[in-house]
A.B. asks: 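Can you keep this structure in mind? I'll have questions shortly.
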Amino acid sequence: VISSTTFNVLNSTLSVGVNGVELDLANTYYFRVGSLNHGGRANYTDLPRLNFQILQSTNALHLGQMGLVNGVIVMSTVSTSSMVVTNTGNWPVTIVLAASTATLPSSPWELSTSSGDDVAALLGAWYTGDLGPPAVGPPAEAFTTYLTTTPTISQASGNYATATQDGYQLAPGESATLWFRFFLPTSTSSLAETIKVTAQPVYP
């Protein structure tokens, strides 16, 4: 129904959109491509269905032992757990990350780029680890980008990146490990908190 045509034989790409908007992640799209003869008639070949899909090993971070906030943290700590994101689709994807408090029935906390009264900070970094066993995670200085309610795309450098794994693009079947660094609020009356981290795939 939506098409794009070029008469430039040297053109290697064509862009297809819906009313000027990028293709939506919630829909399934089927494509076909064809060459045109002198009469403008196309010889089409159907392309495989594009599947943008990922699987994340967990989406909830429970702070402290048995869900209780650990006062020993004092200021910040690197998580002893991680989240593995796997591309289960058939197309390379870039990961978009966002985080929010998810303690039921409600949470007094907010996530920001610095700590405050009932304001916590959470940073993420992709890491495979060449500094020790996989459970060790990256050093504290590897965390440079905050996870907040604002979705942020993983990039080849800067956002969520480390020297050993940038998490920028996942090939089909490939996995990446995301570790976390957490800063407690400067003051809070909450004793149990859960933070939800959401990963979504987009075209590289």
A.B. asks: What pair of heavy atoms forms the shortest contact from I54 to A199, and how long is it?
C.D. replies: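 Looking at all heavy atoms of both residues, the shortest contact is CD1-O, 3.5 Å.
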A.B. asks: How close do A125 and P138 get, heavy atom to heavy atom, and via which atoms?
C.D. replies: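 What the structure gives for the nearest pair is CB-CG, 4.4 Å.
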A.B. asks: Quick one: does N90's side chain have a donor or acceptor within less than 3.5 Å of a partner on N51's backbone?
C.D. replies: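 Looks like yes, one N/O pair under 3.5 Å.
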A.B. asks: Taking atom types as modelled, is there a side-chain donor on T188 or D118 under 3.5 Å from an acceptor on the other?
C.D. replies: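 A pair is found: one side chain offers a donor N or O, the other an acceptor, under 3.5 Å apart.
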A.B. asks: Going from CD on Q155 to CH2 on W126, what distance comes out if it is rounded to the nearest 0.5 angstrom?
C.D. replies: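 Atom-to-atom, Q155:CD and W126:CH2 are 13.0 Å apart.
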A.B. asks: How far apart are the C-alpha atoms of D117 and T186, what are their side-chain angles, what is the distance that settles it, and do they pass the side chain to side chain donor-acceptor pair (under 3.5 Å) test?
C.D. replies: CA-CA 5 Å; D117 185 11; T186 54; 5.5 Å; no
A.B. asks: Does W91 belong to the same Ile/Leu/Val/Met/Phe/Trp/Tyr cluster as L47, with side-chain heavy atoms less than 4.5 Å apart forming each link?
C.D. replies: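 Yes; tracing contacts between hydrophobic side chains, which count when under 4.5 Å, links both residues.
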A.B. asks: How close do G173 and T86 get, heavy atom to heavy atom, and via which atoms?
C.D. replies: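 Nearest heavy atoms, G173 then T86: O-CG2, 4.2 Å.
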A.B. asks: For E193 versus P108, what's the shortest heavy-atom pair and its separation?
C.D. replies: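 Residues E193 and P108, closest heavy atoms: OE2-CD, 3.5 Å.
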A.B. asks: Please name the pair of heavy atoms, one in A102 and one in K196, separated by the smallest distance, quoted to 0.1 Å.
C.D. replies: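 For A102 versus K196, the nearest heavy atoms are CB-CB, 3.8 Å.
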A.B. asks: If you measure from CZ on F180 to CD1 on I195, what distance do you get to the nearest 0.5 Å?
C.D. replies: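 With rounding to 0.5 Å, CZ (F180) is 9.5 Å from CD1 (I195).
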A.B. asks: Might you work through the side-chain contact (heavy atoms from CB on, under 4.5 Å) test for I95 and Y160, ending with a clear yes or no?
C.D. replies: CA-CA 10 Å; I95 306 301; Y160 312 117; over 6 Å; no
A.B. asks: Supply the atom-to-atom distance T148 OG1 to L97 CG, rounded to the nearest 0.5 angstrom.
C.D. replies: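 Nearest 0.5 Å value for the OG1-CG distance: 10.5 Å.
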A.B. asks: Nearest 0.5 Å please: distance from the CD1 atom of I153 over to the OG1 atom of T145.
C.D. replies: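 One finds 12.5 Å between CD1 of I153 and OG1 of T145.
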A.B. asks: Are L111 and V119 connected into the same hydrophobic cluster when the rule is that any two of I, L, V, M, F, W, Y join if their side-chain heavy atoms are below 4.5 Å apart?
C.D. replies: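 Not linked; separate clusters.
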A.B. asks: Using a cut-off of 6.0 Å, state whether more than 12 heavy atoms not belonging to E110 lie near its atom CD.
C.D. replies: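 Open.
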A.B. asks: Between W109 and L184, is the side-chain contact (heavy atoms from CB on, under 4.5 Å) condition met? List the steps.
C.D. replies: CA-CA 10 Å; W109 286 13; L184 272 173; 4.0 Å; yes
A.B. asks: Given the rule that I, L, V, M, F, W and Y join up when any side-chain heavy atoms are under 4.5 Å apart, are M83 and L55 in one cluster?
C.D. replies: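 Hydrophobic grouping puts M83 apart from L55.
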A.B. asks: Does one hydrophobic cluster hold both F31 and V93, with members joined at side-chain heavy-atom distances below 4.5 Å?
C.D. replies: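 Looking at the clustering, V93 is in the same group as F31.
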A.B. asks: When you measure from the side chain of Q200 to the backbone N and O of P151, does any donor-acceptor pair fall under 3.5 Å?
C.D. replies: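 Side chain of Q200 to backbone of P151, a donor-acceptor pair under 3.5 Å: no, none is there.
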A.B. asks: Nearest 0.5 Å, what's the OG-OH distance between S114 and Y146?
C.D. replies: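 If I round to the nearest 0.5 Å, the distance is 7.0 Å.
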A.B. asks: Which distance, rounded to the nearest 0.5 Å, do you find between the CZ of F143 and the OH of Y127?
C.D. replies: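 One gets 9.5 Å once the value is rounded to the nearest 0.5 Å.
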A.B. asks: side-chain contact (heavy atoms from CB on, under 4.5 Å) with T144: which residues, sequence neighbours excluded?
C.D. replies: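 Not a single residue meets the side-chain contact (heavy atoms from CB on, under 4.5 Å) criterion with T144.
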A.B. asks: Taking all non-hydrogen atoms of both residues into account, name the closest pair between A98 and L147 and its distance.
C.D. replies: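 Between these two residues, the closest heavy atoms are N-CD2, 4.5 Å.
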